[in-house]
> 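One structure, pasted below without further comment.
Just follow the structure's listing: the first ligand is 1, and inside any ligand the first atom is 1. As the structure is a computational prediction, the values presented were derived from the model and not from experiment.
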Amino acid sequence: MMQKNIFNNKQEVAEAFAKYLSEQIEKSETFHLALSGGSTPKILFEHLAKEYSDKIDWRKVHLYWGDERCVPPNDEDSNYGMTHAKLLQHVKIPESNIHRVLGENNPAEEADRYGKRIEWNLKLKNGRPVFDLIILGMGGDGHTASIFPHQMELMDASETCGVATHPDSGQKRITITGEVINAAKEIHFLVTGASKKPVLDEIFNKKGNYKSYPASYVKEAQWWLDEDAWEEGKTDL
Ligand code: 6PG
């Protein structure tokens, strides 16, 4: 079942999701959380750093990245680098709970290493590691994590992580695969801005090219949207 939570703007999306996330962490003993990259989660990370540094018991939280760009951590393109600047350096999370993708290493070797790390740390169900919660974004081309329309095979790959190639820049990426995404206890898309509306319309209404969008194959997800991305049925905070 697809649930949509729609808010007035990006800030409200970040605030509502941060509250939800903190409640889920509160209920757990250990919480294995996979983060998305790109621009949308920046507001969420800033809000978590500002409002939840003492409200969340970060000792419970283990952080992973659903995808990473194959660059060093201090590169401007690094999802880890962005998360460190916006969140990690502002909260008391044990270093050993931060499971960074070594974007500076050989992509194939790193995909293998990171996959094994995830399989080692997480409970397995039908041989698949189970995250407590995965945060996903969606590109204007319908990609999610770093599973792009030209590499749909990553949606049903047997490995936990794979190597992807950005269709325009050719940049190499490490990404968790579709089966691991769909094995998660909870999956939440944070998608904001008018540029995402055409693809959301196709996915939600199963029309146009929706079958060519990796994001269409994510099951049981909750969608956190601003009204620029999707108007129908706004949610009160
Ligand atoms: C990445 C992401 C990617 C992102 C989408 C949306 O590393 O780029 O994880 O999947 O979520 O590209 O990006 P924006 O939030 O910047 O629109």
> What protein heavy atom is closest to atom 17 (O) of ligand 1, reported as residue, atom name and distance in Å?
Lys196 NZ, 2.6 Å
> Thr165 and side chain to side chain donor-acceptor pair (under 3.5 Å): which single residue from Lys172, His150, Arg173 fits?
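Between Thr165 and the candidates, side chain to side chain donor-acceptor pair (under 3.5 Å) is satisfied uniquely by Lys172.
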> Donor-acceptor pair, distance only, cut-off 3.5 Å: does the side chain of Asn209 make one with the backbone of Ser212?
no
> Salt bridge or not for Lys116 and Glu119, using N-O below 4.0 Å?
no
> With sequence neighbours left out, write down each residue that passes side-chain hydrogen bond (donor to acceptor under 3.5 Å, both in side chains) with Trp65, or none if nothing qualifies.
Thr83
> Looking only at protein heavy atoms, which one is nearest to atom 4 (C) of ligand 1, and how far off is it?
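Looking only at protein heavy atoms, the one closest to atom 4 (C) of ligand 1 is Gly37 O, 3.9 Å.
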> Does the Ser146 side chain pair with the main chain of Thr175, one donor and one acceptor, at a distance under 3.5 Å?
no
> Show me which atoms of ligand 1 lie under 4.0 Å from any heavy atom of Arg173.
1 (C), 7 (O), 8 (O)
> May I ask you to check whether Tyr20 and Asn5 show a side-chain donor-acceptor distance below 3.5 Å?
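Side-chain D/A pair, Tyr20 to Asn5: absent.
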> Whether the side chain of His90 engages the backbone of Ala85 through a donor-acceptor N/O pair (distance < 3.5 Å, no angle test) should be reported.
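Checking the backbone N and O of Ala85 against the side chain of His90, a donor-acceptor pair under 3.5 Å is found.
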> Can Arg69 be said to touch ligand 1, with heavy atoms closer than 4.0 Å?
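So Arg69 counts as touching ligand 1.
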> How far is atom 5 (C) of ligand 1 from its nearest protein heavy atom, and which residue and atom is that?
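Ranked first by proximity to atom 5 (C) of ligand 1 is His143 NE2, 3.4 Å.
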> Under 3.5 Å between any N/O of Leu136 and any N/O of ligand 1: does that happen in this structure?
no
> Mind checking whether Ser146 has an N or O less than 3.5 Å away from an N or O of ligand 1?
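N/O-N/O distance below 3.5 Å does not exist for this pair.
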> Does Glu68 use its side chain to pair, donor to acceptor, with the backbone of Asn79 at less than 3.5 Å?
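Indeed, once roles are kept as given, a pair shorter than 3.5 Å links the two residues.
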> Identify the residue among His32, Arg100, Arg117 that makes a side chain to side chain donor-acceptor pair (under 3.5 Å) with Tyr64.
His32
> Identify the closest protein heavy atom to atom 14 (P) of ligand 1: which residue and atom is it, and at what distance?
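Residue, atom and distance for the closest contact: Ser39 OG, 3.4 Å.
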> Looking only at distance, does Thr144 have an N or O less than 3.5 Å from an N or O of ligand 1?
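No: no nitrogen or oxygen of Thr144 is under 3.5 Å from one in ligand 1.
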> Could you check atom 15 (O) of ligand 1 against the protein and tell me its nearest heavy-atom contact, residue, atom and distance included?
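Protein heavy atom with the smallest distance to atom 15 (O) of ligand 1: Thr40 OG1, 2.5 Å.
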> Short list, please: which atoms of ligand 1 are under 4.0 Å from a heavy atom of Gly137?
11 (O)
> Under 4.0 Å, heavy-atom basis, I'd like to know which part of Asp67 is in contact with ligand 1: side chain, backbone, both or neither.
side chain
> Give me the residue, atom name and distance of the protein heavy atom closest to atom 10 (O) of ligand 1.
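Protein heavy atom at minimum distance: Ala145 O, 2.5 Å.
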> Any nitrogen or oxygen of Ser36, main chain or side chain, under 3.5 Å from a nitrogen or oxygen of ligand 1?
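No.
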> Would Gln24 and Asp132 count as having a side-chain donor-acceptor pair, cut-off 3.5 Å?
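No, because no side-chain N or O of Gln24 sits under 3.5 Å from a partner of the opposite role on Asp132.
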> Around atom 13 (O) of ligand 1, find the nearest protein heavy atom and jot down its residue, atom name and distance.
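Scanning the protein heavy atoms, the shortest distance from atom 13 (O) of ligand 1 goes to Gly38 CA, 4.2 Å.
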> With backbone taken as N, CA, C and O and side chain as the heavy atoms from C-beta onward, which portion of Met138 lies under 4.0 Å from ligand 1: side chain, backbone, both, or neither?
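The backbone, only.
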